[in-house]
Protein chains: 2
Amino acid sequence: MSDLVTRLRQRSWRMTPQRRVIAETLDGAHVHYTADEILERAAGRMPEISRATVYNTLNEMVALGEVLELNLDGRSKRYDPNVEHEHHHLICEGCGATKDVHTVGNPMDWLPGDERHGFAVTRASITFRGLCRECAAAS
Amino acid sequence: MSDLVTRLRQRSWRMTPQRRVIAETLDGAHVHYTADEILERAAGRMPEISRATVYNTLNEMVALGEVLELNLDGRSKRYDPNVEHEHHHLICEGCGATKDVHTVGNPMDWLPGDERHGFAVTRASITFRGLCRECAAAS
DNA sequence: TCCTAGACTAGACTTAGTCTAAAAGAAGAT
DNA sequence: ATCTTCTTTTAGACTAAGTCTAGTCTAGGA
Ligand SMILES: [Mn+2]
Ligand SMILES: [Mn+2]
Ligand SMILES: [Zn+2]
Ligand SMILES: [Zn+2]
């Protein structure tokens, strides 16, 4: 937990009650929530919060670079407050469980110069897939 | 071009006129079309083809393992007939241009055993991002 | 020829997310 | 304190992508 609220205030981003609840929801659990899951939890603490505010706030935090937006499954986007330590994701194809993982070495090194098509390559994200222990046992 | 139509017939999959038009559209260009782009092109050759058939057919080809479904941008899914040669993707964050790329070595080797959380890991897909030559020059 | 399972279709429906216009709230100037 | 202005929040309309349904069509087997 890297205190997203603190990081956001240091960026002199206006910290409203709504934004605080959203940031605390995101940062409290180290899981990868969808916008709807965040709305649901935020509404538990602030019932009048609106869906538009949740989406606006998440998009602003992503634009500030303080939250990552993940497209892991082609369904709803997921939001990840863990921007401090580069990592990738491992997903169970059975139950959808998602783990943070760390690779040996730098993924940028896996792409040789003649495969870069003249691009200035800046980032690489890896999604590993497989079956978790429970799902493997059940199949 | 690996002749998707031939591969599908070898799987004894009923080859209707609609399915043939969709498969030929997909395989003809080595790009990554969305379902809507495929519908548009297929409708050019068979105006009465329906959207539901395009979606049904794409989903069946994916289930057969003869087409890959890509979630590159969190918007619409893209379909890739190139299942014969493992590859990954490099995307320009400026214009969205997408290239097939090949890594040095096997991505599965980048994930050490103690980062696997007991999963049986079977696949890894990497998305590299950056700016293409034109977009880099323009910025 | 008739039957039947599978394939096709139009359009309703669902889900995820964006947009709009108005109301509310914060901050600065007087 | 009051006015002004800018930002944020809100409800709900709207859009985009995809799924589902129920009826129709069609090819191949008895
Ligand atoms: Mn993560
Ligand atoms: Mn490809
Ligand atoms: Zn699982
Ligand atoms: Zn570009």
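In the text below, chain A, chain B and the rest are named by the order of the sequence lines, each starting its count at 1.
- Within the structure, side-chain hydrogen bond (donor to acceptor under 3.5 Å, both in side chains) pairs that include any residue of residues 120-138 of chain A comprise A:R123-B:E93 (at least two apart or interchain).
- In the region residues 60-74 of chain A, proximity to DNA chain C at under 4.0 angstrom, judged on heavy atoms, holds for none of the residues.
- Taken residue by residue, residues 18-25 of chain B places heavy atoms nearer than 4.0 Å to DNA chain C at B:Q18, B:R19.
- Of all the residues in residues 38-50 of chain A, not one reaches under 4.0 Å from DNA chain C with any non-hydrogen atom.
- Checking the phosphate oxygens (OP1, OP2) of D:dT9, a side-chain nitrogen or oxygen of A:T16 falls inside 4.0 Å.
- Applying the salt bridge (Lys or Arg N to Asp or Glu O under 4.0 Å) test to every pair with at least one member in residues 52-74 of chain B, sequence neighbours left out, gives these pairs: B:R7-B:E66, B:R11-B:E66, B:R19-B:E60, B:E69-B:K77.
- Residue pairs satisfying the side-chain hydrogen bond (donor to acceptor under 3.5 Å, both in side chains) criterion with at least one member in residues 50-59 of chain B, sequence neighbours excluded, are listed as follows: B:S50-B:T53.
- Counting only residues at least two apart or on different chains, the side-chain hydrogen bond (donor to acceptor under 3.5 Å, both in side chains) pairs with a member in residues 104-118 of chain A are A:E115-B:H102.
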Side-chain donor-acceptor distances from residues 38-46 of chain A under 3.5 Å, at least two apart:
residue: A:R41; atom: NE; partner: A:Y33; partner atom: OH; Å: 3.1
residue: A:R41; atom: NH1; partner: A:E37; partner atom: O; Å: 3.3
residue: A:R45; atom: NH1; partner: A:E24; partner atom: OE1; Å: 3.2
residue: A:R45; atom: NH2; partner: A:E24; partner atom: OE1; Å: 2.7

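- When rounded to the nearest whole Å, the span between CH2 of A:W13 and C1' of D:dT8 equals 11 Å.
- Going from atom CG of A:L8 over to atom CE of A:M15 covers 4.5 Å, rounded to the nearest 0.5 Å.
- A:T98 meets the side-chain contact (heavy atoms from CB on, under 4.5 Å) test with A:H32, A:L72, A:H89, A:I91; sequence neighbours excluded.
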B:V101 vs B:F128, side-chain contact (heavy atoms from CB on, under 4.5 Å): CA-CA, chis, key distance, verdict: CA-CA 9 Å; B:V101 294; B:F128 295 94; 4.0 Å; yes

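- Taken together through direct or relayed side-chain contacts under 4.5 Å among Ile, Leu, Val, Met, Phe, Trp and Tyr, A:W13 and A:I22 form part of one hydrophobic cluster.
- With hydrogens and angles ignored, the 3.5 Å screen pairs no side-chain donor or acceptor of A:D80 with any backbone N or O of A:L68.
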Could you check A:L26 against A:L58 for side-chain contact (heavy atoms from CB on, under 4.5 Å), going step by step and ending with a plain yes or no? CA-CA 10 Å; A:L26 249 185; A:L58 290 171; 3.9 Å; yes

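- Scored by the side-chain hydrogen bond (donor to acceptor under 3.5 Å, both in side chains) test, B:T103 finds no partners at all (sequence neighbours excluded).
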Using a 4.0 Å heavy-atom cut-off to protein, can you give one letter per nucleotide of nucleotides 15-30 of chain D, 5' to 3': B if the base is in contact, S if only the sugar-phosphate is, - if neither? --SBBB----------

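- Take B:H88 and apply the ring pair (Phe, Tyr, Trp, His ring centres under 6.0 Å) test, not counting sequence neighbours, and it matches no residue.
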